[in-house]
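Whatever order the structure lists ligands and atoms in, that order sets their numbers, starting from 1. Below, all heavy atoms of this structure are taken into account, side chains as well, without hydrogens, waters or symmetry copies.
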Amino acid sequence: MTGSRKDDHVRLAVAQHGADGTPAHGTPSDDDHPTYPPSQFDEVHLTHHALAGTDRERVSLRTRCDVFDWRAPLYINAMTGGSTMTGDINRDLGIVARETGLPIATGSMSPYLKDPSTAGTFRGVREHNRDGFVMANVNAHATAEQARRAVGLLEADALQIHLNAVQETVMPEGDRSFGSWPAGIGRIVAGVDVPVIVKEVGFGLSGRTVSTLAGLGVRVADVAGRGGTDFARIENGRRPHADFAYLDGWGLSTPAALLDARGRGLPLLASGGVRHPLDVIRALALGAHAVGVSGGFLATLLHGGVDALVRQITRWLDHLTGLMTLLGATRPGELSECDVLVTGSLREFCTARGIDIPGTQGASR
Ligand code: FNR
């Protein structure tokens with residue numbers, strides 16, 4: 001049952017993305033000029049200053065906080081494991097992580113915790129990537145002992161706990177009790193000896209949530225916002241009458257979540273709906289330490305194989321260096337000093353939430 005659900009998730013998530021990893025309605029047009037679907041990321045503008053640039057050789061992509069020291073501000077975010085097909089995907093993603101040097105997370109390890117015979121479908125991420133930064137992944141119901149087993153299986157460098165109340169609500173066979181999650185997270189934090197990262201799965205973490213997580217001893221928050229893979233739609237498609245269609249658009253977009261959550265006491269990661277390297281730069285400019293991609297990379301892997309995904313990530317890293325050169329940022333952290341303008345619905349969101357709007361407090365002209 002779990003295995004076939006994991007396979008369904010892969011199939012349905014990939015259907016939301018184009019062959020080149022862009023969201024589905026952003027597939028290349030006739031002239032092969034890719035177009036991208038609209039996103040709230042488009043409301044984050046980096047003001048162009050023609051003399052702001054620096055020298056490419058001065059730019060380093062390295063990003064650090066007290067939990068990690070990564071060669072680039074990009075990671076392969078949590079997806080899968082638990083079935084034969086998803087085991088092959090994890091093996092391939094492990095190879096891609098090794099070849100590109102990117103950090104990587106597996107999907108939820110609940111299948112392994114319920115059935116240890118599925119261990120091999122997760123282990124590939126580590127076996128093919130001995131020296132990489134690997135994140136295990138559990139839900140907030142996991143006990144501390146289960147969390148330790150998940151970390152142990154992968155010899156993981158950090159543990160992700162995912163918060164997916166929207167998904168569970170729409171999932172026909174989903175969990176319906178979320179009240180114990182904060183205490184459960186606290187127990188996991190106290191019971192594992194690696195840093196804990198808490199993430200959403202595409203509906204965003206608010207500032208209030210991030211403050212709570214900081215109080216629970218969580219070390220990093222991945223806002224994992226709306227705009228990319230949509231688990232409400234995926235689960236709704238698995239319901240007989242798709243009766244939760246009205247939840248389309250629920251949650252905080254990734255840029256909105258970043259704006260809401262910054263300054264709440266935790267280093268932030270950003271993921272959810274990251275379409276191209278400029279979205280990575282925008283997220284870094286809004287304060288993220290690094291940016292994760294799931295569905296888009298999975299689509300590239302399934303359509304083009306390991307080589308295609310390695311090529312895509314290599315191109316993204318090259319573009320990130322180029323864009324930072326253009327913007328005069330010699331390391332990712334300096335992007336937060338860029339001249340950012342927020343417009344449209346994202347600006348309205350900031351006003352309604354009482355958030356200082358970037359670009360309005362004496363920006364450098
Ligand atoms: C996911 N995601 C996810 N997250 C998580 O913490 N545990 C999980 O098991 C899964 N499973 C999963 C399966 C598949 C097929 C996809 C595509 C994604 C969510 C993922 O980590 C991420 O938060 C969202 O997908 C948003 O990012 P993208 O896809 O828009 O880049």
Side-chain angles (χ1 to χ4, degrees), residues 2-3 5-18 21-24 26 36-37 39-41 74-83 85-86 89-90 93 103-113 118 121-122 125 135-142 150 158-168 171 174-175 196-205 221-235 237-238 251-255 257 269-276 279-280 283 290-302 309 312-313 316:
T2 305
R5 186 169 81 223
K6 296 293 161 185
D7 292 355
D8 282 354
H9 283 168
V10 166
R11 195 172 41 77
L12 295 166
V14 166
Q16 294 183 353
H17 295 266
T22 54
Y36 298 95
S39 156
Q40 255 186 344
F41 270 119
L74 190 63
Y75 58 98
I76 302 169
N77 214 352
M79 281 186 271
T80 204
S83 66
M85 176 178 90
T86 58
I89 291 172
N90 273 339
L93 290 174
I104 183 170
T106 66
S108 170
M109 297 175 71
S110 302
Y112 163 66
L113 297 172
T118 63
T121 69
F122 294 95
V125 161
M135 295 170 267
N137 184 296
V138 296
N139 66 39
H141 282 306
L159 174 69
Q160 291 183 332
I161 302 175
H162 64 264
L163 305 182
N164 66 338
V166 183
Q167 179 186 9
E168 296 289 350
M171 192 190 299
D175 182 14
V196 169
I197 299 169
V198 169
K199 71 184 286 289
E200 241 288 350
V201 300
F203 301 95
L205 297 179
D222 177 345
V223 299
R226 168 170 58 81
T229 307
D230 181 342
F231 269 98
R233 243 173 69 208
I234 288 175
E235 298 299 352
R238 298 176 60 244
L252 298 165
S253 75
T254 300
L269 298 174
S271 64
V274 173
R275 301 163 297 174
H276 45 57
D279 284 346
V280 176
V291 176
V293 178
S294 293
F297 284 172
L298 180 64
T300 300
L301 178 73
L302 295 191
L309 184 52
Q312 181 181 5
I313 290 171
W316 279 38

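Side chain of Asn90 to backbone of Thr121: a donor-acceptor contact under 3.5 angstrom is found.
Side chains of Val223 and Thr254 form a contact here, defined as non-hydrogen atoms less than 4.5 Å apart.
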Step-by-step side chain to side chain contact (heavy atoms under 4.5 Å, CB included) determination, Asp175 to Asn164: CA-CA 10 Å; Asp175 182 14; Asn164 66 338; over 6 Å; no
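Side-chain contact annotation: Ser271 with Asp222, donor-acceptor N/O pair under 3.5 Å present. His17 and Thr300 share no donor-acceptor pair across their side chains, judged by distance under 3.5 Å alone. Side-chain atoms of Ser83 and Thr86 include a donor-acceptor pair closer than 3.5 Å.
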Which N/O atoms of ligand 1 sit under 3.5 Å from a protein N/O, and at what distances?
unit_1	atom_1	unit_2	atom_2	d
ligand 1	2 (N)	Ala78	O	3.3
ligand 1	4 (N)	Lys199	NZ	2.9
ligand 1	6 (O)	Asn137	ND2	2.9
ligand 1	6 (O)	Lys199	NZ	2.8
ligand 1	9 (O)	Ser108	N	2.7
ligand 1	11 (N)	Met79	O	2.7
ligand 1	21 (O)	Ala78	O	2.7
ligand 1	21 (O)	Lys199	NZ	2.9
ligand 1	21 (O)	Ser294	OG	3.2
ligand 1	23 (O)	Lys199	NZ	3.2
ligand 1	29 (O)	Thr229	OG1	2.5
ligand 1	29 (O)	Gly295	N	2.8
ligand 1	30 (O)	Thr229	N	3.0
ligand 1	30 (O)	Gly273	N	2.9
ligand 1	31 (O)	Ser294	N	2.9

